[in-house]
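These notes are about the structure you will find just below.
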Amino acid sequence: MDKVVMQPADTLHGQLQRGLGRAARRAAERPGAGEFVYDCVRRDPRWDRQVESRSLFYARLIVDLELSVGPVADHLADPGGPADTDLWRDSLAIDVLTDLLRLSRREAARPLRRYAEEGTHWYDALHALSSVGDPTLTDGLDEIAVARCNDDDLRWLVIEPDNPVIKDWARRQPRIAAAVAEHEAAGRPGLRCAARTDTTGRSDAELLAEAKRVGDSAVAAILELGRRRSPALLDLAEELLPGQPGRYGGAVCHAIRDLGALAVPRARIWTARRSSCFDVGISVLARHGTEQDVPALLSDLDTALAERNWGAAASPIEGLGRLRSGAAVPLLKTTWTESEYAYLRPRLLTALSRTASYTSEAYATEGLWDCEEEVRRAAVATAPPSDDNLLRIRRLRGCAAEDAEVRSAAALRL
């Protein structure tokens, strides 16, 4: 797949890439907007494809703009070149077609079925089709599942055993029925759990010594020190964080955050010196700092924005919102517009609502059309009750493809 080139945030194409609600509202008025939608589906623009949502956003645009599913189907039918090693190449197109099915565009089933039969990532299409829960769309695909899936694949395929498709397949295929039975048995109480390292009854000194070793027991010791809120963790962090692998570093960061306000003085030193503990220091200040820490959080967010390091922006956004920093509002607004990481926007909407409630109303209105379900859920609860907003909320409540929590929030609002 060609490298994604992010377009400027003040263009319709750039806003569609970012999944901004303003793009969904503008698209109907812009000739040629459909080509931008297709480009986004073909060249997945998500900064983090594992957590960001886009499929329902683009599927709704295809419906609203009365676009054909043909270009999306053509993308799936094109195997790409031998140099195309992107494992995510077809993922967004599969998900868009699946959401189109949920939006009653049944012609989306044919390319999905064809891809399940012939495509490189056939399992993804098989799972997507089964997740819709309509046996009329999946007739005969149980044979592909049994022929191609190993036992582990089947266990993942039947993760929702009450799905009508899975029930239908299980009646015809003994292997699928066995996978369903295994899944149901695994969910019963009383089964043995994996053994955990017992850290009770051990002194802090013993746990510190264990924490400096390698293995599950070291991680357990680190987390137990955090649970006990042991100040010794602060020195341990300075010793371990510069060179420890991610797993142990992650455990240390988690444990330090458990210290709460006890960690704030040391966190201020780490952030002032920009030491190897800087990131965990910012995280501590975001959760437990006071107004005197606003400049450090502002500086960190400004740096993340300048460097396009979107993952680093989450903690300062949360902290500035918690501290209700009015000085942060311009930077929060800029981050909302510029960020290529849609997963930040739920945090941004919360921060804006706490720091500038009147300003946040415009962002809550835009959020009703956002690609992220967490944004839509928050927007449903906080958007001003204008006629357009209430109409949108009613549509979200009645949309079968919408996230269940968004629909519940919409019903509560109405």
For residues G260 and R229, report the shortest heavy-atom separation together with the two atoms involved.
CA-NH2, 4.4 Å
Quick one: are E340 and V4 in side-chain contact, heavy atoms under 4.5 Å?
no
Among L157, I159, D152, find the one that has a side chain to side chain contact (heavy atoms under 4.5 Å, CB included) with R155.
D152
Would you sort out whether D48 and Y343 count as a side-chain hydrogen bond (donor to acceptor under 3.5 Å, both in side chains), showing the intermediate values?
CA-CA 8 Å; D48 185 342; Y343 207 60; over 6 Å; no
Validation row: R266, D235 side chains within 4.5 angstrom (heavy atoms)
yes
One should read off an interatomic distance between R30 CZ and L16 CG, to the nearest 0.5 angstrom, of 9.5 Å
More than 12 heavy atoms of other residues, nucleotides or ligands under 6.0 Å from CZ of R395: yes or no?
no
Within this structure, what is the OG1-CG distance for the pair T355 and L331, rounded to the nearest 0.5 Å?
11.0 Å
From L285 atom CG to W270 atom CH2, the distance as rounded to the nearest 0.5 Å:
10.0 Å
Short N-O contact, R227 and D258, less than 4.0 angstrom
no
Of R376, R345, R22, the residue whose pairing with D370 passes side-chain hydrogen bond (donor to acceptor under 3.5 Å, both in side chains):
R345
Are side-chain N/O atoms of R347 and T335 paired as donor and acceptor at under 3.5 Å?
no
With side chains defined as the heavy atoms from C-beta onward, is the minimum distance between M6 and R18 less than 4.5 Å?
yes
Is there side-chain contact between H121 and Y115, with at least one heavy-atom pair below 4.5 Å?
yes
Could you check if a side-chain atom of L67 sits within less than 4.5 angstrom of a side-chain atom of Y38, using non-hydrogen atoms only?
yes
Could you give the distance from CZ (R113) to CD (E117), rounded to the nearest 0.5 Å?
5.5 Å
One thing to verify: whether E318 and R322 come together as a salt bridge, which I'm taking to mean a side-chain N less than 4.0 angstrom from a carboxylate O.
no
May I ask you to test the W169-S130 pair for a side-chain heavy-atom distance under 4.5 Å?
yes
Can you find a pair of side-chain heavy atoms, one from S283 and one from R257, that are under 4.5 Å apart?
yes
Do E402 and R60 sit within salt-bridge range, that is, some charged N less than 4.0 Å from a carboxylate O?
yes
How are the rings of W336 and Y363 set to each other: parallel, tilted or perpendicular (split at 30° and 60°)?
perpendicular
Could D388 and R392 be called an ion pair, given the rule that one side-chain N must be under 4.0 Å from one carboxylate O?
no
Under a 4.0 Å N-O cut-off, is there an ion pair linking D39 with R42?
no
Stepwise side chain to side chain contact (heavy atoms under 4.5 Å, CB included) test for R89 and T120:
CA-CA 10 Å; R89 179 187 182 277; T120 303; over 6 Å; no
Are any non-hydrogen side-chain atoms of C399 and L103 less than 4.5 angstrom apart?
yes
